[in-house]
Number of protein chains: 2
Amino acid sequence: MLTHLTPTSLPRPHSFSEFGMTAESNPSINLNEFTYRRGSEIYGEKEPAQYVYQVLSGTVRSYKLLSDGRRQIGAFHVPRDIFGLENGGFHRFTTEAVVDTAVRLIKRESLEAIAENDGALIKNLLFMTATNLQHAEDHMLLLGRKTSMERVAAFLIEMDRRLTAAGILALPMTRRDIADYLGLTLETISRSLSYLRELGVLRFIDNNQRHVVIMDRRQLVEFDRQT
Amino acid sequence: MLTHLTPTSLPRPHSFSEFGMTAESNPSINLNEFTYRRGSEIYGEKEPAQYVYQVLSGTVRSYKLLSDGRRQIGAFHVPRDIFGLENGGFHRFTTEAVVDTAVRLIKRESLEAIAENDGALIKNLLFMTATNLQHAEDHMLLLGRKTSMERVAAFLIEMDRRLTAAGILALPMTRRDIADYLGLTLETISRSLSYLRELGVLRFIDNNQRHVVIMDRRQLVEFDRQT
DNA sequence: CGGGGGCTTGAGGCCACTCAACGATAGTGG
DNA sequence: CCACTATCGTTGAGTGGCCTCAAGCCCCCG
């Protein structure tokens, strides 16, 4: 394992309350924390699912690969998100840390044992699975029918909503990650962002252009023809 | 409503046993049957979800529309499939009958009332939602990263598995439906099928080329580069 | 300070799209 | 029973949006 234990002083902004439990309320569950270095794998596709994860800090990408290396990222997971929840016993994505990332993890078997007698917990699992489904359904529309500009605009709006909701956006992932999320190439991502900057919809701050973006959400939605 | 009641003599090949219940075992649930004429809408996106549906015969398409008419079909539902199950109170797709279709329906509220005290039922709902999620995840990979030939091959393999599992396939949907499912155009679908026929992977029987296809599953998987 | 990763930008190419024509079939109404 | 029309599918010709390939810059980091 490339993982290593994190100091207990790590931020704990949120608990596993989405599961209707905490370590305090149910001592049979051990909530451990790990950190993963940028680029390291958290688990692989088709591996047995031992844990469920919650992002504490950092960002995680979930992806599938074709045999020749083509990659489709199905989701990015940001702080508070829960991932790795599988109904069958095996993971259906490979996940990696996009940047140095801290996660809290819970043993799958203990989760299932409790779910057996806890209707509220199962309902929470159902709700989370349905949320993931909704995201995937929206993403199918994007991948199947939207233009490159619409995809990039939708991506920025999604990240703005999930990361900050403030119009100032620190993107943790590379152009290649974005491309593999949107079904495009990194060059197309770069060109689209440059074009949005030319139009004044985006501004890059920080002399390194990559990370921080100021966006005009109003103008951006014009580029993403919604439903 | 464009629907009309079906005669009680309609085939009842399968029950709602996926819900862990039947009308006999739980008389508080009324399982009604309806038929929909080819092309008619079953429910619209964002409508309140009143019913959950099971296909008895025929085929249903679930889709989302962009404002300019671009359409993405998220799934086809064939006999035995359950659709319209929403975690929130509103449908997230529009659904239409691809051909004349008979469905069995169950009131959502009665389902929820029973789920309240029935852990096995909730687990079934979770399982079905997870199955839908898995399909959507695989479809994202197809839409984001596969070539037209790979998509068409994957489509034929999926339909062969779900409709017959026999190598002889009666496709109920049009080229346009297939195109909107695979994120392509109808012309590209037609050309891909013609090409597969030239190669001897497919044969059309029935003088109308549309409906019945004999396929060589072995050869087809060569065209769909899997994971 | 050398190397590698990430980003941008340009030039050219190709896969899927667009536009168009045509044939076949099913449904409709006189 | 037969136009008439609409729908569906196939195929060809040409286009274009995104991809591929390449060069160069910047920054980080050993």
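The shown structure was predicted, so the numbers you read here are calculated from the model rather than taken from an experiment. Order of the sequence lines sets the chain letters (A, B, ...), proteins ahead of strands, with each chain counted from 1. Quick note: numbers below take in every heavy atom, side chains included, and nothing from hydrogens, waters or symmetry partners.
- Ion pairing between a basic and an acidic side chain is recognised when a charged N comes within 4.0 Å of a carboxylate O; A:Arg162 and A:Asp81 show such pairing.
- Checked by atom type, the side-chain pair B:Thr59/B:His77 shows no donor-acceptor distance below 3.5 Å.
- Phosphate proximity of C:dT9 to A:Ser194: present, with a side-chain N or O under 4.0 Å from OP1 or OP2.
- Residue-level contact check: A:Ser190 touches the bases, meaning some heavy atom is under 4.0 Å from a base atom.
- Put simply, CG on A:Asp180 is 12 Å from P on C:dG6, counting in whole angstrom units.
- Remark: the A:His135 side chain and the A:Glu158 side chain contain an N/O donor-acceptor pair separated by less than 3.5 Å.
- Under 4.0 angstrom from either OP1 or OP2 of D:dC18 there lies at least one side-chain N or O belonging to A:Ser148.
- Between A:Glu150 and B:Arg70 there is a salt bridge, since a side-chain N of the basic residue sits under 4.0 Å from a carboxylate O of the acidic one.
- Phosphate proximity of D:dG9 to B:Arg197: absent, as no side-chain N or O sits under 4.0 Å from OP1 or OP2.
- Across all strands, A:Leu186 comes closer than 4.0 Å to base atoms (heavy-atom distances).
- Judged by closest nucleotide on DNA chain C, A:Ile189 is the one of A:Arg145 and A:Ile189 placed further toward the 5' end.
- Phosphate contact (OP1/OP2 of D:dG17, side-chain N/O of A:Thr188, threshold under 4.0 Å): absent.
- Electrostatic pairing of B:Arg92 and B:Glu86 counts as a salt bridge here, judged by a charged N lying under 4.0 Å from a carboxylate O.
- Rounded to a whole Å, the CG atom of A:Leu193 is 13 Å from the C1' atom of C:dG6.
- Rounding to whole angstrom units, CG of residue B:Leu196 and P of D:dT10 are separated by 12 Å.
- Rounded to whole Å, atom P of D:dG9 lies 7 Å from atom CD1 of B:Ile178.
- Atom CG of B:Asp68 is separated from atom P of C:dT18 by 11 Å (rounded to the nearest Å).
- Contact check, B:Arg175 against D:dT10: a side-chain N or O comes under 4.0 Å of OP1 or OP2.
- When heavy atoms are screened at a 4.0 angstrom cut-off, A:Gly183 is found touching the sugar-phosphate backbone but no base atom.
- A:Lys146 places its NZ atom 18 Å from the C1' atom of D:dG17, with the value rounded to the nearest Å.
- Rounded to an integer number of Å, the gap from A:Glu187 CD to C:dG12 C1' is 13 Å.
- Rounded to 10 degrees, the angle separating the terminal helix axes of the helix from C:dC1-D:dG30 to C:dG13-D:dC18, each built from five base pairs, is 0°.
- Between B:Asp180 and B:Arg61 there is no salt bridge, since no side-chain N of the basic residue sits under 4.0 Å from a carboxylate O of the acidic one.
- Summarising the geometry, the separation between CG on A:Leu184 and C1' on C:dC15 is reported as 15 Å, rounded to the nearest angstrom.
- Both tests pass for B:Lys64 against the ring of B:Phe93: distance under 6.0 Å to the centre and angle within 45° of the axis.
- By the 6.0 Å and 45° rule, B:Arg71 stacks over the aromatic ring of B:Tyr63.
- For D:dG17, the base has no donor-acceptor partner in the side chain of A:Arg191 [N/O atoms by modelled type, under 3.5 angstrom].
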